[in-house]
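Contents: one structure, followed by commentary.
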There are 4 protein chains.
Amino acid sequence: MTDQNWVDVGVFRLPMSAPEDVSELKARLESGQIQAETIVGIIAQTEGTGYARGYASLCLQLLLADYLDISPQAVFDRIPMMMIGLCGGLMSPHYTVFTRRTVAAPARPAGKRLTVGTANTRVLQPEEYGTLSQVKLVANAVQGAIADAGITELEDVHCVEVKCPAMTPARLAAAAQRGVSVVSQNLGQASSMAKGASALGIALALEEIPEAKLTEGVINRDRNLYTQRGSVSAGGEQSACRILVMGNSDQSVSPYRVGHGIMADQLATDGVYAALNSAGLSQPLADQQSRIVQMFVNCGADAVTAVRDRRHTIHSDFLSGYAGIMAKAVANAVVASITGDPMILASAGNEHQGTPGSNLVAAIVSAE
Amino acid sequence: MTDQNWVDVGVFRLPMSAPEDVSELKARLESGQIQAETIVGIIAQTEGTGYARGYASLCLQLLLADYLDISPQAVFDRIPMMMIGLCGGLMSPHYTVFTRRTVAAPARPAGKRLTVGTANTRVLQPEEYGTLSQVKLVANAVQGAIADAGITELEDVHCVEVKCPAMTPARLAAAAQRGVSVVSQNLGQASSMAKGASALGIALALEEIPEAKLTEGVINRDRNLYTQRGSVSAGGEQSACRILVMGNSDQSVSPYRVGHGIMADQLATDGVYAALNSAGLSQPLADQQSRIVQMFVNCGADAVTAVRDRRHTIHSDFLSGYAGIMAKAVANAVVASITGDPMILASAGNEHQGTPGSNLVAAIVSAE
Amino acid sequence: MTDQNWVDVGVFRLPMSAPEDVSELKARLESGQIQAETIVGIIAQTEGTGYARGYASLCLQLLLADYLDISPQAVFDRIPMMMIGLCGGLMSPHYTVFTRRTVAAPARPAGKRLTVGTANTRVLQPEEYGTLSQVKLVANAVQGAIADAGITELEDVHCVEVKCPAMTPARLAAAAQRGVSVVSQNLGQASSMAKGASALGIALALEEIPEAKLTEGVINRDRNLYTQRGSVSAGGEQSACRILVMGNSDQSVSPYRVGHGIMADQLATDGVYAALNSAGLSQPLADQQSRIVQMFVNCGADAVTAVRDRRHTIHSDFLSGYAGIMAKAVANAVVASITGDPMILASAGNEHQGTPGSNLVAAIVSAE
Amino acid sequence: MTDQNWVDVGVFRLPMSAPEDVSELKARLESGQIQAETIVGIIAQTEGTGYARGYASLCLQLLLADYLDISPQAVFDRIPMMMIGLCGGLMSPHYTVFTRRTVAAPARPAGKRLTVGTANTRVLQPEEYGTLSQVKLVANAVQGAIADAGITELEDVHCVEVKCPAMTPARLAAAAQRGVSVVSQNLGQASSMAKGASALGIALALEEIPEAKLTEGVINRDRNLYTQRGSVSAGGEQSACRILVMGNSDQSVSPYRVGHGIMADQLATDGVYAALNSAGLSQPLADQQSRIVQMFVNCGADAVTAVRDRRHTIHSDFLSGYAGIMAKAVANAVVASITGDPMILASAGNEHQGTPGSNLVAAIVSAE
């Protein structure tokens, strides 16, 4: 192992006063606390609807374009910008900036510490969305991101975030023009299939499911196949799948560690503690709350219609269009009631991301 | 103390599959588990919008009219029917039926046990809504309900539920026709003032605030005046204020006890434990969860714009019409994550019900 | 022709101040203007969500049960109660009561006048929803309702209103228990298929499409098959399909005539004039507006994503759950801007009810 | 009159496929059909929520910054960017670009033709929002914009669009810090007051109301005071009031004319025809529809609860947060049913903009 193999990974969780507010990152770039060229990924929780995601992304791109001296589009191509929209309840708009830089060898190893890696698939054609082709492309890219992170054992991977392309009217039209068929003419269903395929790609890369079980027919159908360490969302702004992997590595000297746990249902707080324990915190938390750097929750409340045999109304009546927001608001509240801080990430993803109704919880914790 | 002073109080928490579903109560009336004439109050959590509240109420009235052999309207006049609408998140539609009957003296006193009492104010004129007149009428009625419950010490009162009249277009028109002025021509503001006056009435009756501090100007203005044991909602179906008081009494042989606690903010789970402890449960809860009979939460998330300095978006953008639902969904989730059951009552009331952003939590617990 | 063949048909369009407000009908029953036993059908436009539909229906049933001296359920079984919910825009909550009674032969024939007929299919099993079986059952029932109306020429049928069963969780569960498969496990899709089958049933009965073209595969797929005189909605309260046919007949001495027209798209006002002309009004309308008794519009704005090549956003973003309300609000506004009255019926039905994006418009007009 | 007094005014109505889509303007800048330096104002109708307005504005600013070789902020300062959000119903997202350039004297005068003028107030302090101070500042700025347009007779002004600052949490905080009081602590109410003051400012400048009637007490209270040629919206992105005036002038050689009319209520189509006639189109429209260049509608449906004594539900129940969208969707549909094109501007403004429930309609029409 040579000196340049050592990496230091930073995590900056920054509040936004509005989708266009990038002042907190700007201040850190100006002060030198963050060097633009070390930024390897940004995951944001934006308020408002889908259009606010694009707005936030553009504002971040414009800021970083200045510091990196490249075009805003080049920023987007270089850095995975994962915008999770639609805040509800106590959810607090913010963005998490991941940095990574190589450092000189430390005096002594610190034990496994946080590392992150990123990768992209190639651009997907609309007819590939939601197919085995996408599963395999994502699986390969996840493996690439794991390697990029310097992780050598799969069990050291604790959270894989994927942003994949959503189906759009323009893409449907393009496919029709080329005479190719897509998995669904319905935008929502096609995008859901794309998310399902991405999740299965994660599961395949993490060896949570054997490749033999993967056929076209299982995507969004066989609920026994899933990843328990992945969170997927889709966006029309993406044309390739963007991957960001979080794990621990012997080669990292980051002050942080990452862990994960599973909430079997929305009330299963033991899953939150499991995530914190996995990252190095013991119970009772009490004064250790301040060591929690960030939580990433993938919420599944809207995949089911009841919790512990109690019927809920997430899908009913005039609220049916708000199922995802409600699911995130609920998971955010439960996790925040333990960590003491609602400014954590909550994403809603049902497709092959855990058993129906469960939550995946990843925790980044200060190691010292 | 004579025999007839002893009371037994029952609490039945029954699920609804839809607003019109009263089958669970019907089954208990048919089996004799509940006698219609012992029912002293019903508090429901209905799904859907305000109209579903009236629908559920009518269906309960029709059922009880059959068993009591009185008209549906007479049922409404006799039994406080408190319908809390707008379920969100994990909230599970249900209704709680309170029964009370006098019983022969028990072999030995059981210690203080659950009792309930009810009372009504006289019918209020629209010009009285949100005024000191309403404050005093509610205060008197709360005192009446406390006496009805057989409670002699104010500290034994743990939860006061009030349903007061809401302002309606018809009432505005009637007031205009009579040439009298109302606190606001805006339906929402006038109803909010009515809730504020009701809450201050509770606080006055419970001696939480001195009468000297009560002037017309303080209603919905002076946030330092509040009750910490009251929950108020308004409905156009009400013309008088309906009061239901829960407390403990030496004269009760109920198998249940009630207690309460305060969540200082939405993440303050210690308030939930305080309520459970107050009702007789010790920590850790673990296998005592099954002793929890019902929880009544009054939620205040939408009274503020942040939790622990983290901005939330409950009032922002396209979700602003859903602030109350979101507040209830969040409080329900946090409390349910401790009790293990989301079929609990969550009502959203800001006006003089605790400090802004806090929750009031009442717990009914099996004593044995 | 004997005396009893002559019928008089009444149409009463009555405003509601709330879903439970049946006071206008009650006043007419009390005054004798309407005799309860002559009521053959009620079509309501209720505000609020789906639960308000049930609430309004129950209140109408309770009122009529009193006057007919039968149970509320028997009222529902006897009189088609078609509740159309979700008012938006200028839509004004109301209900239309159709009466029919036999009368002595008039001095001289009046020309064809309004008649109405009703019929029910048998109760459908959930596995029949959205199948050819439903198509044929509805077709037969529509033929029965036409005969009931005393209509002998199909061209005299101007509007067929159908309320069919919606899929519900309970019905899905029942089907699963019996081991039978349904057209879709998705409640919305299964209900949409049921509406599509109903619409094709109308088209078959009206000979708008040949039976030979009807195979299982065409339901909700072949958009070239449709009725131009039918409007279908679904409700969980229905277990059979309820049919109400409006047309003109030589045997009627009603003061009214019915006609219909097609709006090729949402801006095609010529379709409104065609409906009015078909019912007997000439242009310019001017002072003839007062002769318009009621309009029934079936709206298709949400079946397409553009009008005259201008993209609309009915299905986009945070409003996607409100597509039907928006479609109805738009059609109501355009038609009302011609008739001068927004208290008209607007129902949103896409499935085989006209070409995508078109509106069906029926007009009942005073003949003298 | 010297040569440079002659102006040519262009109007380009361009569709957007999404809030960030500025491709239509880019194409015209590239082809030279539009010169960036001639652009004097842009009024957009964006889909989605408020955040999409900012997003669209930023994208337009970035594009024009390139062509004008100034910063995006300088573009915003130079060109009034009036973003009207929240499309509903058939509303079709688009933006209207106004250009103006001086031209050589034409051979002969063309009669009065379209001209536009713009002006800004100085930056307003939050404590000035909704006060007489704002009224007067806006009145002065409107006079300035009229002069800028080269209009000498007030009757030649047909439409005044104002975008004024909205109250924001940051502004409330700043005012509190400086110890000054604002008209309301409620963001919505304070912004509504700001709109009311702006509308009164227009009315004052157009001499629709005498200055003597203007006292602090009348703002948003005295509904007898209003402009019938103004449309106001508010945005947090504005710190000054931005004014754009449309009128006709002898000094213009524009191919267009502008006119206006009043819809006394939502169904009063004669107001649409009045606007078209005022701009030079005669009835029947028929093949003259193609001469309509753009319509600007200010909608008031949500200022009242009924149309022609028919109650509507725009403010009721779960839809109350969507009153403005519904109002715009309704007005858009009615006007578009006459013009044949739903890609027209609809803004919802109640405060002193016409009598309650009325619409202001301005039409730009091709003169030849």
Side-chain angles (χ1 to χ4, degrees), chain A residues 15-23 26 44-63 65-66 71-73 75-76 81 83-88 92-93 166-174 187 235-238 313 316-322 325-326, chain D residues 15-23 26 44-63 65-66 71-73 75-76 81 83-88 92-93 166-174 187 235-238 313 316-322 325-326:
Chain A
M16 317 171 82
S17 67
E20 69 269 27
D21 173 25
V22 296
S23 59
K26 188 176 184 188
Q45 184 114 69
T46 56
E47 64 208 284
T49 66
Y51 303 122
R53 297 193 292 111
Y55 191 19
S57 182
L58 177 57
C59 291
L60 287 165
Q61 289 166 244
L62 287 168
L63 173 65
D66 262 5
S71 75
Q73 180 59 45
V75 173
F76 185 81
M81 312 281 280
M83 305 285 119
I84 311 293
L86 292 171
C87 285
S92 191
M167 187 62 80
T168 62
R171 285 164 181 175
L172 272 188
L187 296 182
E237 74 276 12
Q238 306 289 353
T313 64
S316 78
D317 206 51
F318 69 108
L319 289 169
S320 60
Y322 299 94
I325 305 175
M326 282 290 182
Chain D
M16 318 171 81
S17 67
E20 70 269 26
D21 174 26
V22 296
S23 59
K26 189 176 183 188
Q45 184 113 69
T46 57
E47 65 210 284
T49 66
Y51 303 121
R53 296 193 293 111
Y55 191 18
S57 181
L58 178 57
C59 292
L60 287 165
Q61 288 166 242
L62 288 167
L63 174 64
D66 261 5
S71 75
Q73 180 59 46
V75 172
F76 184 81
M81 311 281 279
M83 305 284 119
I84 311 293
L86 291 171
C87 285
S92 191
M167 187 62 81
T168 62
R171 287 165 181 174
L172 272 187
L187 297 181
E237 74 276 12
Q238 306 290 350
T313 65
S316 78
D317 207 52
F318 70 108
L319 288 170
S320 60
Y322 298 94
I325 306 175
M326 282 291 183

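We name chains A, B, ... by the order of the sequence lines, and we start the count at 1 in each one.
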Contacts of D:Glu20 meeting salt bridge (Lys or Arg N to Asp or Glu O under 4.0 Å) (sequence neighbours excluded), chain-then-number -> none
So for A:Leu319, is it side chain, backbone, both, or neither that comes closer than 4.5 Å to the heavy atoms of chain D?
neither
Rounded at 0.5 Å granularity, tell me how far OG in D:Ser57 sits from OH in A:Tyr55.
7.0 Å
Counting heavy-atom pairs under 4.5 Å with chain A, the top scorer among D:Gly48, D:Gly50, D:Gly54 is D:Gly54
If a pair satisfies salt bridge (Lys or Arg N to Asp or Glu O under 4.0 Å) and one of its residues is in residues 48-62 of chain D, list it, with sequence neighbours excluded.
D:Arg53-D:Glu237
Using a 4.5 Å cut-off on heavy atoms from C-beta on, say whether the side chain of A:Pro72 contacts that of D:Leu62.
no
What are the two closest heavy atoms between A:Ala52 and D:Tyr51, and how far apart are they?
CB-CB, 3.8 Å
